[in-house]
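These notes are about the structure you will find just below.
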2 protein chains.
Amino acid sequence: MAGRMDEFVSTFTNRIDGKGRVSIPAPFREVLMRDGFPGLYCSPTLDQKAVDAGGNRFRDAIRQSLSQFDPFSEDYELLSTALMGESEILSIDKDGRTVFSDTIRARAGLTDLVTFVGQGFKFQIWEPSRFAAYREEATSRVRELRKRLGARGSAGVPSQGGGT
Amino acid sequence: MAGRMDEFVSTFTNRIDGKGRVSIPAPFREVLMRDGFPGLYCSPTLDQKAVDAGGNRFRDAIRQSLSQFDPFSEDYELLSTALMGESEILSIDKDGRTVFSDTIRARAGLTDLVTFVGQGFKFQIWEPSRFAAYREEATSRVRELRKRLGARGSAGVPSQGGGT
DNA sequence: GGGGAATTCATGGGCGTCAATGGAATCTCA
DNA sequence: TGAGATTCCATTGACGCCCATGAATTCCCC
């Protein structure tokens with residue numbers, strides 16, 4: 001897989017060892033390195049049992065959305081609690097591994113395997129079987145969406161088979 | 001945990017010992033150190049049973065928000081009384097611990113555990129179970145807010161499509 | 001073109017360091 | 001002088017760092 005990428009692409013599944021360590025997929029490490037964030041910024045995926053992660057670019061997106069609120073407004077309180085309070089900054093060791101906190105493990109329902117799903121400026125962390133189910137659903141929904149759009153002759157949704 | 005951060009992020013819960021001492025989470029100490037404030041600036045959270053805390057940046061934000069009011073207005077009186085009058089500056093010992101005043105303990109309803117919630121330029125001090133409830137509420141309200149704004153971006157970022 | 005060497009990565013284990021916590025010792029002010 | 005507070009140590013458990021293994025891939029040279 002060619003490097004030189006500044007976005008998280010593709011899906012990888014790695015093992016959590018006895019000490020709780022997981023290797024972050026090398027291509028993702030490359031992106032993070034390039035991004036410059038000294039670690040891994042993690043934030044819960046609001047409507048899925050998963051966790052979003054990334055570097056500066058991801059973090060800035062969150063901060064930016066907060067910045068439009070008055071620092072002492074109730075909205076800021078709520079958002080900063082939900083977004084920053086629930087976020088975590090994980091460190092990445094010299095071997096490219098990290099240790100997920102209990103909170104993150106619980107949130108994503110992780111046991112001994114983790115699936116990393118590239119999503120451009122961020123990636124997601126899933127429990128493998130849960131992700132498989134989600135992907136199934138997503139795929140069928142896209143299929144259905146295409147059918148709807150196709151009926152109107154739209155070129156909006158590109159065709160392509162299921163996936164990995 | 002990767003340092004080099006200039007904002008309070010994530011949530012930590014520490015124990016108050018028999019003498020009233022609590023360790024301030026190391027990452028937060030790091031931020032305070034960087035901020036330069038010699039201690040911990042504490043001010044009551046206006047609409048919650050909790051306490052806001054931070055360094056220079058936090059204190060400046062309070063002043064800034066006060067400055068938007070006419071210094072002789074009743075609003076100014078009320079706010080400055082609530083924000084500045086009720087503020088306290090706590091010291092941090094060599095081991096990174098502080099001792100909360102009775103006022104603060106009462107205001108947040110603290111007993112033997114404290115939860116520190118990062119919120120960017122400040123963090124909040126909560127009694128753990130009380131925070132758990134608030135977090136629930138915050139999360140669901142953000143979810144609904146996000147739905148209302150119809151924002152895309154599974155980053156959980158409302159508006160501004162935190163995308164590429 | 002093929003076989004082997006060198007690389008890249010994921011993974012495991014041992015160990016030193018640091019943070020959180022508890023307790024003792026010292027200090028201070030009424 | 002005594003209660004509360006501040007500084008100094010000690011313990012323990014978590015985390016970061018280094019090295020080893022092994023599999024899969026790439027590179028290179030004959």
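This is a predicted model, so every value here is computed, not measured. Reminder, nothing fancy here: chain letters follow the sequence lines and each chain counts from 1.
- In this view, Tyr134(A) and Trp126(A) satisfy the ring pair (Phe, Tyr, Trp, His ring centres under 6.0 Å) rule, not counting sequence neighbours.
- Looking at heavy atoms from C-beta onward, Phe116(A) lies in side-chain contact with Asn14(A) at the 4.5 angstrom threshold.
- Taking atom CD1 of Ile89(A) as the reference point, atom P of dG16(D) lies 13 Å away to the nearest angstrom.
- Residue Glu144(A) forms a salt bridge (Lys or Arg N to Asp or Glu O under 4.0 Å) with just one option from Arg148(A), Lys147(A), Arg146(A), and that option is Arg148(A).
- Ring orientation note: the planes of Phe8(B) and Phe28(B) are nearly perpendicular, at an angle over 60° on the 30°/60° scale.
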Between Glu127(A) and Ser129(A), is a side-chain hydrogen bond (donor to acceptor under 3.5 Å, both in side chains) present by the stated rule, with each step listed?
-> CA-CA 6 Å; Glu127(A) 189 283 319; Ser129(A) 64; 2.6 Å; yes
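- If you take CD1 on Ile104(B) and OG on Ser43(B), they are separated by 9.5 Å, rounding to the nearest 0.5 Å.
- Put simply, NZ on Lys94(B) is 14 Å from C1' on dA5(D), counting in whole angstrom units.
- Using a distance-only test at 3.5 Å, with no hydrogens or angles considered, no donor-acceptor pair links the side chain of Thr81(A) to the main chain of Ala138(B).
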Expected string for nucleotides 5-13 of chain C under the B/S/- scheme (protein heavy atoms, under 4.0 Å, primed atoms plus P, OP1, OP2 as sugar-phosphate) is ----SSBBB
Dot-bracket pairing map - DNA chain C, Watson-Crick plus G-U, both contacts under 3.5 Å, | cross-strand = ||||||||||||||||||||||||||||||
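- Of the possible polar contacts, none joining the Gln48(A) side chain to the Ala50(A) backbone as a donor-acceptor pair under 3.5 Å is found.
- Here the P atom of nucleotide dT17(C) and the CG atom of Asp93(A) are 18 Å apart, to the nearest Å.
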